[in-house]
Each structure stands twice: as structure tokens, then as C-alpha cells.
Visitor: 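Please see the structure below; I have some questions.
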Amino acid sequence: ILNVEQSPQSLHVQEGDSTNFTCSFPSSNFYALHWYRWETAKSPEALFVMTLNGDEKKKGRISATLNTKEGYSYLYIKGSQPEDSATYLCASPDDYKLSFGAGTTVTVRA
Amino acid sequence: DVKVTQSSRYLVKRTGEKVFLECVQDMDHENMFWYRQDPGLGLRLIYFSYDVKMKEKGDIPEGYSVSREKKERFSLILESASTNQTSMYLCASSLRRASGSFDEQFFGPGTRLTVL
């Protein structure tokens with residue numbers, strides 16, 4: 001089992017504020033890093049699959065960066081909106097499966 | 001629109017019952033997975049399958065078995081349900097690629113199982 005860690009476990013953000021949080025993973029034998037968003041009462045859905053050191057991906061107001069040498073990724077939410085409230089999961093491939101972090105739960109207050 | 005469906009959103013069973021959770025995907029994916037999610041623990045892999053009739057144990061297979069008779073369907077079986085199996089169960093599927101690359105997983109809506 002790969003040791004994938006996320007911090008913080010939860011955070012509360014005022015609407016309009018920006019925020020970021022961290023995923024750390026083993027840097028040896030790196031293949032890829034996944035980010036998923038899991039909204040209440042919905043299925044988790046993939047945000048990004050990142051493979052290259054220094055990669056930066058963006059989807060709307062959400063972006064992610066990747067540092068494979070030091071084993072971390074940041075996810076940023078710019079100008080948070082209530083619809084951004086969700087649990088954000090990161091995961092790293094381990095053979096044919098993914099090892100998930102415990103998630104960061106973001107609550108955006110109007 | 002791609003889809004992974006699970007047979008029930010909510011399920012209540014009694015200790016000792018045999019429980020079947022069904023998952024169907026319509027994307028012709030080779031890989032299918034069963035996870036459970038508990039507060040503070042993230043998604044933990046129970047079993048996965050990379051082909052019909054093939055199965056591999058995940059990180060927490062004890063107390064569970066699986067069946068994959070058709071490519072689109074992956075079933076999770078609790079042979080004798082216990083209270084510590086009360087959890088959210090998620091099914092997922094993905095394409096199989098060559099080793100070293102890894103496609104995103106598509107998830108079902110989850111089944112919240114309560115064992116009394």
C-alpha cells in the first residue's frame with residue numbers, strides 16, 4: 001500500500017476566498033497522481049491525472065501543480081463558490097490499483 | 001454519457017445475512033474495483049478485477065468475495081455480514097493500459113450499507 005497523505009483533513013472557506021491544500025506521495029517509482037472531487041450524494045469524479053514533474057493543470061477555477069521529485073501536489077481553488085464544497089481526494093497508482101489519501105473536505109460558506 | 005451504476009443506494013441487513021452488491025458499467029472497461037469508505041480513512045480497496053473471471057485481493061479483502069462473470073458486471077459479496085462491515089461501498093471502473101500509465105477511474109454513486 002502506498003502512503004498517500006492529504007492535509008488538512010478539512011477546511012472552511014468564505015465565499016470568494018481562495019484556498020489550497022496538499023497531497024504527499026512516495027516520490028520513488030512515480031507513475032501518476034490523480035485528483036478527484038466527491039460532492040455529497042454524488043459519485044467521485046476525476047479532476048486531473050498528472051504525470052510530469054512541474055505539470056500544472058487547470059479546470060475552471062481549480063488548478064493543480066505537481067512536484068514528483070519531492071513527492072507533493074497542491075490543489076488550488078480560486079474565488080471559492082458554494083458549489084466547490086466537496087471532499088477532494090488524491091491517489092497514486094500502485095501496480096494496477098490506486099492508493100487514495102483520506103481526503104480534504106472543503107466547506108465554502110456563503 | 002459514461003456510467004457506473006450500483007444496485008442500491010441504501011441497504012439495511014442483519015448480522016449473518018449474505019449480501020450482494022452489484023455494479024454495472026457501460027464503458028467496456030477491463031478494470032473494475034470495489035472500495036469501502038469510512039470517515040477519516042479514505043477509500044480502501046477491497047477487491048479488483050482486470051478481466052472477466054479474474055480477481056485480485058485489495059488491501060482489505062477479509063470477509064468479502066467477488067464475482068465477475070461478464071465484463072460489464074462486478075459483484076461484491078459479504079458471505080456473512082457483520083456490524084463492522086457497515087460502510088459506504090463504491091464501485092469503479094477504468095481502462096486497462098500498459099504498466100506505467102494509469103487511466104482515471106469512473107465511480108458509481110455508492111451503496112450505504114448498514115448491518116444491524
Side-chain angles (χ1 to χ4, degrees), chain A residues 1-11 21-26 28-52 55 57 59 64 66 68 73 86-105 107, chain B residues 1-6 9-10 23-25 27 29-51 54-61 66 74 88-112:
Chain A
I1 303 173
L2 286 183
N3 188 24
V4 179
E5 295 183 341
Q6 292 187 247
S7 63
Q9 186 173 355
S10 64
L11 58 90
F21 38 94
T22 310
C23 172
S24 61
F25 51 88
S28 58
N29 297 318
F30 175 81
Y31 287 140
L33 193 281
H34 294 217
W35 281 103
Y36 292 83
R37 175 170 58 196
W38 192 2
E39 296 176 68
T40 303
K42 294 187 177 180
S43 311
E45 59 178 13
L47 285 170
F48 309 114
V49 178
M50 308 176 80
T51 56
L52 299 175
D55 206 4
K57 297 224 174 194
K59 184 182 272 191
L66 180 67
T68 61
S73 175
T87 295
Y88 292 82
L89 300 167
C90 68
S92 191
D94 178 10
D95 203 2
Y96 285 103
K97 52 189 173 70
L98 286 175
S99 286
F100 282 85
T104 294
T105 299
T107 304
Chain B
D1 197 19
V2 295
K3 217 159 184 175
V4 180
T5 57
Q6 295 183 228
R9 292 299 300 269
Y10 299 94
C23 175
V24 178
Q25 51 95 4
M27 295 166 280
H29 284 170
E30 293 87 358
N31 298 331
M32 294 189 75
F33 308 84
W34 274 107
Y35 296 93
R36 64 179 280 177
Q37 196 264 344
D38 301 288
L41 294 179
L43 292 176
R44 292 184 293 166
L45 183 66
I46 304 170
Y47 267 97
F48 69 102
S49 168
Y50 52 88
D51 206 345
M54 304 303 289
K55 59 186 178 185
E56 294 284 342
K57 292 180 180 178
D59 302 320
I60 50 164
V66 290
F74 192 35
M88 168 71 88
Y89 290 88
L90 283 161
C91 175
S93 71
S94 72
L95 283 169
R96 184 171 69 219
R97 304 276 195 189
S99 180
S101 63
F102 212 92
D103 253 35
E104 66 183 274
Q105 292 189 5
F106 293 85
F107 286 86
T111 296
R112 186 164 292 283

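The sequence lines fix the lettering, A, B, ..., with proteins before strands; numbering per chain opens at 1.
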Visitor: Flag yes if more than 12 heavy atoms outside A/Gln9 fall under 6.0 Å of its CD atom; otherwise flag no.
Guide: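 Count not over threshold, so no.
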
Visitor: Work out which heavy atom in A/Lys97 is nearest to a heavy atom in B/Asp59; give both atom names and the distance.
Guide: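 Looking at all heavy atoms of both residues, the shortest contact is NZ-OD1, 3.7 Å.
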
Visitor: Is it the backbone or the side chain of B/Gln37 that comes under 4.5 Å from a heavy atom of chain A, or both, or neither?
Guide: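 Answer is side chain: those atoms of B/Gln37 sit under 4.5 Å from chain A.
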
Visitor: Would you indicate whether the side-chain heavy atoms of B/Tyr35 and A/Phe100 approach each other to under 4.5 Å?
Guide: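 Side-chain contact under 4.5 Å: yes.
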
Visitor: Chain A heavy atoms under 4.5 Å from B/Phe48: which part of the residue, side chain, backbone, both or neither?
Guide: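 The side chain, not the backbone.
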
Visitor: Could you give the distance from OG (A/Ser43) to CD (B/Gln6), rounded to the nearest 0.5 Å?
Guide: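 Here the interatomic distance stands at 7.5 Å.
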
Visitor: For the residue pair A/His34 and B/Glu104, what are the closest heavy atoms and their distance?
Guide: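 So the minimum-distance heavy-atom pair works out to CE1-CA, 3.7 Å.
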
Visitor: Side chain, backbone, both or neither: which part of B/Leu43 has a heavy atom under 4.5 Å from chain A?
Guide: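 Interface part for B/Leu43: both.
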
Visitor: To check you understand the geometry: which heavy-atom pair defines the closest contact between B/Gly108 and A/Pro44, and what is its length?
Guide: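 Closest heavy-atom pair between B/Gly108 and A/Pro44: O-CD, 4.2 Å.
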
Visitor: Given a strict heavy-atom distance threshold of 4.5 Å, which part of B/Arg44 is in contact with chain A: side chain, backbone, both, or neither?
Guide: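 For B/Arg44, no heavy atom lies under 4.5 Å from chain A.
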
Visitor: Which answer fits A/Tyr36, side chain, backbone, both or neither, if we ask what part of it has an atom under 4.5 Å from a heavy atom of chain B?
Guide: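 Looking at A/Tyr36, just its side chain touches chain B.
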
Visitor: Taking all heavy atoms of B/Gly40 and all of A/Ala102, pick out the closest pair and write down the distance.
Guide: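 Minimum heavy-atom contact is O-CB, 3.7 Å.
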
